[in-house]
There are 2 protein chains.
Amino acid sequence: MSELSAATGAPIATIKYYLREGLLAPGERTSPNQANYGDAHVRRIRLVRALLGPGGLDVATAKDVVAAIDSDLPINHVFGIAQRAASVRLTGLGGDDEALARVDELLAGLRIHPSNPGREAAAAVIAAFESTGQRHEPDWYRRSLEAALVVAEADLDMVERRQGRDAQAETVVVGTALGDALFAALRRAAQEHVSTLRYEPVAPVEPDHREHPDVRQH
Amino acid sequence: MSELSAATGAPIATIKYYLREGLLAPGERTSPNQANYGDAHVRRIRLVRALLGPGGLDVATAKDVVAAIDSDLPINHVFGIAQRAASVRLTGLGGDDEALARVDELLAGLRIHPSNPGREAAAAVIAAFESTGQRHEPDWYRRSLEAALVVAEADLDMVERRQGRDAQAETVVVGTALGDALFAALRRAAQEHVSTLRYEPVAPVEPDHREHPDVRQH
DNA sequence: CACTATCGATAGTTACAGTATCCATATGCG
DNA sequence: CGCATATGGATACTGTAACTATCGATAGTG
């Protein structure tokens, strides 16, 4: 077990905790107080740490998600579970009916089922947004959706590159959990880029050889 | 104060807590144990609740952000503070140098400063992603960045529609905090849509009049 | 003038994700 | 052979974060 800890960087007490919580399968027993762990355990711990850390899932949700990987559910079911897991933080906040109606209008033309977790989550976010006194922003919503469709294509393409259900399931899970965080990070970079282009459009003479752009922000 | 509570839905004890934590300015005193609150207080409480709820900020970060609104800092500084606030959950996880190099390669050509919070956050996410045994996915990263540029334009357009620094500052803050959650939600919907189109491409005869599409997932 | 509400301070609660301690065993090295 | 070290499992504890509840003194209200 200390090897597991060394290989993953997770403290032993934490590994025991994951075992207890069912996030990690028990090792192969060799005696009442001895077990062997293999490469699969190392990878699973790294997966769990990615889900709990950057992925932002809680332990109970992460458990559902790893259980889905290990199950024999078809890949689209695994996808649904991963989607719900990634939406947990926003479900149950309940956007009002008006916000739901706006969302349905926005999503008209898309082939989604009303139970899609994004629908309710989007309603909750829009309700919160407009409750702060912000105007209704259909243009912002619509363009966000256009971009979401682009990344959704990229998400599915990535999964299709994997061979076999198990590899696909793992990619679905980690891609869904980490994809949001990745996009948010890239959005930060893109915002600064676009802002700089708009407000400090000093066209570099040699676009590919320029030094650091001007310091902005802070 | 009970009016404040009634108008916002926040319990009185919670409003007192926000006051204590500096998330909310004290009311205008009329006597040692009486104060008047106005519409600004109601809107500020709704803003705080949006930041702490769907926005996912912690109290300390939300405090910085509302302080930025109330300051006289120029709007691009407020933007920087909001960006950092939205990135808090991913900063300090430290992606390794290799991941940082990948991110820099990905962001080459963008006019951003190395201190942009998205840069480090993206490195942390990519490091976590690849640590789980997932392959390096330049295509996925690149297409996510393309989409991020699209929403970044939409973000700035939305801010430009506002008149005056204060209105812009509030839109910057709430848009940055809630934008990530909104996009994540729309991505859930877009994923199901794209998946359905690819794997159940039953072309509807009347695209605008169809009933519920087939139930997928779960 | 009794009653309810308010302010501010302080203390308590809940949920979550670990972290630490104990114990009985089991290797494995000297 | 025998003891130091590590293991698995159970249980208890810690720390953080975001509230939530109670209290005492005071102050408008009917």
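Predicted, not measured: the structure shown is a model, and the values here were computed from it. Protein chains get the first letters and strands the later ones, always in sequence-line order, with residue 1 at the start of each.
- Rounded to whole Å, the distance from CD1 on A/Ile12 to P on C/dA17 is 22 Å.
- No salt bridge links B/Glu192 with A/Arg84; every basic N to acidic carboxylate O contact stays at or beyond 4.0 Å.
- Rounding to the nearest 0.5 Å places CG of A/Asp58 at 8.5 Å from CG of A/Leu52.
- Taking 4.0 Å as the cut-off between side-chain N and carboxylate O, B/Arg161 and B/Asp157 do not count as a salt-bridged pair.
- Contact annotation for B/Leu19: no contact, since no heavy-atom pair falls under 4.0 Å across all strands.
- Put simply, NE2 on A/His41 is 10 Å from P on D/dG8, counting in whole angstrom units.
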Just the table, please: protein N/O against nucleotides 19-22 of chain C N/O, every pair under 3.5 Å.
unit_1	atom_1	unit_2	atom_2	d
C/dT19	OP2	A/Thr14	OG1	3.0
C/dT19	O4	A/Arg20	NH1	3.4
C/dT19	O4	A/Arg20	NH2	3.4

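- Within the 3.5 Å criterion, the main-chain N or O of B/Arg111 finds a donor-acceptor partner in the side chain of A/His193.
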Criterion side-chain contact (heavy atoms from CB on, under 4.5 Å) on B/His41 and B/Arg46, from CA distance to verdict: CA-CA 9 Å; B/His41 284 87; B/Arg46 289 207 255 251; over 6 Å; no
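- In terms of phosphate contacts, A/Ser31 brings no side-chain nitrogen or oxygen within less than 4.0 Å of OP1 or OP2 of D/dT7.
- Going from atom CD of B/Glu3 over to atom C1' of C/dA5 covers 12 Å, rounded to whole Å.
- Mapping B/Ala35 and A/Asp58 onto DNA chain C by nearest heavy atom places B/Ala35 closer to the 5' end of the strand.
- The side chain of B/Arg29 places no N or O atom within less than 4.0 Å of a non-bridging phosphate oxygen (OP1 or OP2) of D/dA27.
- Regarding B/Leu4, its CG atom lies at a distance of 12 Å from the C1' atom of C/dT6, rounded to whole Å.
- A straight line from CG of B/Leu52 to C1' of D/dC19 spans 11 Å, rounded to a whole angstrom.
- Residue B/Arg165 forms a side-chain contact (heavy atoms from CB on, under 4.5 Å) with just one option from B/Val78, B/Asp72, B/Val172, and that option is B/Val78.
- Nucleotide D/dA18 holds its P atom 9 Å from the CG atom of B/Leu23, rounded to whole Å.
- Each of A/Asn36 and B/Leu57 lies near DNA chain D, and the nucleotide nearest A/Asn36 is the one positioned closer to the 5' end.
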